[in-house]
J.: 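Shown below is the structure under consideration.
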Amino acid sequence: MRIDIISIFPEYFAPLDVSLIGKARERGILDVHLHQLRDWAHDVHRTVDDTPYGGGPGMVMKPEPWGEAIDAVLAADQDARPRIIVPTPSGVPFTQRLAMEYVAEPWLLFTPARYEGIDSRVMAEYGSRLCVDEVSIGDYVLAGGEAAVLVMVEAVGRLLPGVLGNARSAVDDSFAPGEMENLLEGPVYTKPPEWRGHEVPEILLSGHHGKIARWRRDEALRRTARNRAELLAALDPATLDKHDRRL
Ligand SMILES: CN1CCC[C@H](Cn2ccc3ccc(-c4n[nH]c(N)c4C#N)cc32)C1
């Protein structure tokens, strides 16, 4: 997978050099290209923003630098087209399901903005011939889109084949479509068996895999009911057995 990111703060993406994503890049599973938007702002001050038409607070990012920057990225491979992802609080929710859709894409282009966003004509220009998604990582307001790109790149990158040590753990993820969809993961434990008077639940030491799976599902349902009750309403009743219903 190729990922391009255009930003006025490319240094914001240093975390993509470390840990899981950094190793995926070293192994050639993921190819990340960072671009400084100001390289396509040709005035002496490398200006990328201006006052909003119609008035209002803040500044809006000018269309010209973005158009030239996106054209330059597209020119990198004229036989392919990236899916463009625009982080914005006004976007569709970024979910595990959307991450799984993105991981199937060979090329993603992220366009994290600052100020009050990008002149809307830019995505209108590219939306006529490319897939352009406006996506939000949550119902709160950030100062720009870079943190959202870090979140999405990690959520998507960890799903790439070969990135996770144990491929199964992605299938077991909270929110992953299937049995775990709309369920939060339950508690996890490791050695020592007793720590400051707290013992590991006996069932986890039993070696009885069927009972352990049952216990884990019960704990997932309990945590979901406690922290995200609204997700239980979305659970497919067909996936709930009579034991679940007793919880
Ligand atoms: C007061 N204004 C309102 C509009 C947005 C302005 C800041 N900003 C500029 C670019 C930009 C990109 C993403 C996000 C963002 N915020 N929350 C999320 N879940 C996001 C996501 N993805 C925020 C952003 C601040």
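Excluded from the calculations below are hydrogen atoms, water molecules and symmetry mates; all remaining heavy atoms, backbone and side chain alike, are included. Computed from a predicted structure; not experimentally measured.
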J.: If we only count heavy atoms from C-beta on, is the L232 to L221 side-chain gap below 4.5 Å?
T.: yes
J.: Indicate every side-chain donor-acceptor pair of residues 48-76 with a distance under 3.5 Å to a residue at least two apart or in another chain.
T.:
| unit_1 | atom_1 | unit_2 | atom_2 | d |
| --- | --- | --- | --- | --- |
| E68 | OE1 | H42 | NE2 | 2.7 |
| E68 | OE2 | H42 | NE2 | 3.4 |
| D71 | OD1 | Y126 | OH | 2.6 |

J.: In this structure, would Y140 and V149 fall into the same cluster of hydrophobic residues linked by side-chain contacts under 4.5 Å?
T.: yes
J.: How long is the gap from CZ on R158 to OG on S19, to the nearest 0.5 Å?
T.: 11.0 Å
J.: Take atom CG of N227 as the centre, draw a 6.0 Å sphere, and report whether it contains more than 12 heavy atoms from other residues, nucleotides or ligands.
T.: yes
J.: Show the nearest heavy-atom pair for residues L142 and A147, with the distance to one decimal.
T.: CD1-CB, 4.3 Å
J.: Check whether any side-chain heavy atom of S7 sits under 4.5 Å from a side-chain heavy atom of L34, and report yes or no.
T.: no
J.: Has R27 got a side-chain atom pairing as donor or acceptor with G162's backbone, closer than 3.5 angstrom?
T.: yes
J.: What residues, two or more places apart in sequence or in another chain, satisfy salt bridge (charged side-chain N to carboxylate O under 4.0 Å, His left out) together with R223?
T.: none
J.: Determine the interplanar angle of the F94 and Y102 rings, folded into 0 to 90°, and report it as parallel if under 30°, tilted if 30 to 60°, perpendicular if over 60°.
T.: parallel
J.: To check you understand the geometry: which heavy-atom pair defines the closest contact between R129 and R81, and what is its length?
T.: O-NH1, 2.8 Å
J.: At their closest point, which heavy atom of Y189 faces which heavy atom of P201, and how far apart are they?
T.: CZ-CD, 3.5 Å
J.: Heavy-atom count around E194 CD within 6.0 Å, excluding the residue itself: above 12?
T.: yes
J.: From E125 CD over to L130 CG, what is the distance, rounded to the nearest 0.5 angstrom?
T.: 9.5 Å
J.: Of all heavy-atom pairs between E146 and A113, which one has the smallest distance, and what is that distance?
T.: OE1-O, 3.9 Å
J.: Strictly by salt bridge (Lys or Arg N to Asp or Glu O under 4.0 Å), give each pair with a member in residues 83-106 just once, sequence neighbours left out.
T.: R83-E101, R83-E105, R83-D133, R97-E181
J.: Report the C-alpha separation of L16 and L30 in whole Å, then their side-chain angles, then the decisive distance to 0.1 Å, and conclude whether the side-chain contact (heavy atoms from CB on, under 4.5 Å) test is met.
T.: CA-CA 10 Å; L16 298 182; L30 186 57; over 6 Å; no
J.: In Å and rounded to the nearest 0.5 Å, what is the CD1 to CD1 distance from I21 to I3?
T.: 7.5 Å
J.: Dump the intermediate steps for side-chain contact (heavy atoms from CB on, under 4.5 Å) on L20 and L164, then the final yes or no.
T.: CA-CA 8 Å; L20 214 60; L164 284 182; 3.9 Å; yes
J.: Among the clusters formed by ILVMFWY side chains lying less than 4.5 Å apart, do I203 and L205 turn up in the same one?
T.: yes
J.: Start with the C-alpha gap between D4 and W107, add the side-chain angles, then the distance that decides, and say whether side-chain contact (heavy atoms from CB on, under 4.5 Å) holds.
T.: CA-CA 8 Å; D4 285 82; W107 189 8; 2.7 Å; yes
J.: Which heavy-atom pair separates P112 from G145 by the least distance, and what is that distance?
T.: CB-C, 3.4 Å
J.: Is any side-chain heavy atom of L108 less than 4.5 Å from a side-chain heavy atom of M152?
T.: no
J.: Does this structure show an ion pair linking E219 with R216, if we count only N-O contacts that are shorter than 4.0 Å?
T.: no
J.: Using a 4.5 Å cut-off on heavy atoms from C-beta on, say whether the side chain of V103 contacts that of L160.
T.: yes
J.: Show your reasoning for whether side-chain contact (heavy atoms from CB on, under 4.5 Å) applies to I5 and H35.
T.: CA-CA 6 Å; I5 305 170; H35 309 276; 5.8 Å; no
J.: Any sub-3.5 Å donor-acceptor pair from T224's side-chain atoms to L184's backbone N or O?
T.: yes
J.: Scan residues 86-95 for pairs that pass salt bridge (Lys or Arg N to Asp or Glu O under 4.0 Å), counting only residues two or more places apart or in two chains.
T.: none
J.: Are any of the side-chain heavy atoms of T111 and I84 separated by less than 4.5 Å?
T.: yes
J.: Residues in salt bridge (charged side-chain N to carboxylate O under 4.0 Å, His left out) with R46, at least two apart?
T.: D39
J.: Do other residues, nucleotides or ligands put more than 12 heavy atoms under 6.0 Å from Q78 CD?
T.: no
J.: Using the side chain to side chain donor-acceptor pair (under 3.5 Å) criterion, which residues pair with R121? Sequence neighbours excluded.
T.: D119
J.: For the pair E230 and R228, find out whether any cationic side-chain nitrogen is under 4.0 Å from an anionic carboxylate oxygen.
T.: yes
J.: Is any side-chain heavy atom of P87 closer than 4.5 Å to a side-chain heavy atom of I137?
T.: no
J.: Taking atom NE2 of H45 as the centre, report whether more than 12 heavy atoms of other residues, nucleotides or ligands fall under 6.0 Å from it.
T.: no
J.: Using the rule that Ile, Leu, Val, Met, Phe, Trp and Tyr join whenever any side-chain heavy atoms are under 4.5 Å apart, tell me whether L109 and W40 fall into a single cluster.
T.: no
J.: Between atom CD of Q36 and atom CD1 of I6, what is the distance when rounded to the nearest 0.5 Å?
T.: 10.5 Å
J.: Does a side-chain heavy-atom distance below 4.5 Å link I212 with L204?
T.: yes
J.: Quick check: closest heavy atoms across M100 and L159, and the distance to 0.1 Å?
T.: CG-CD1, 3.7 Å
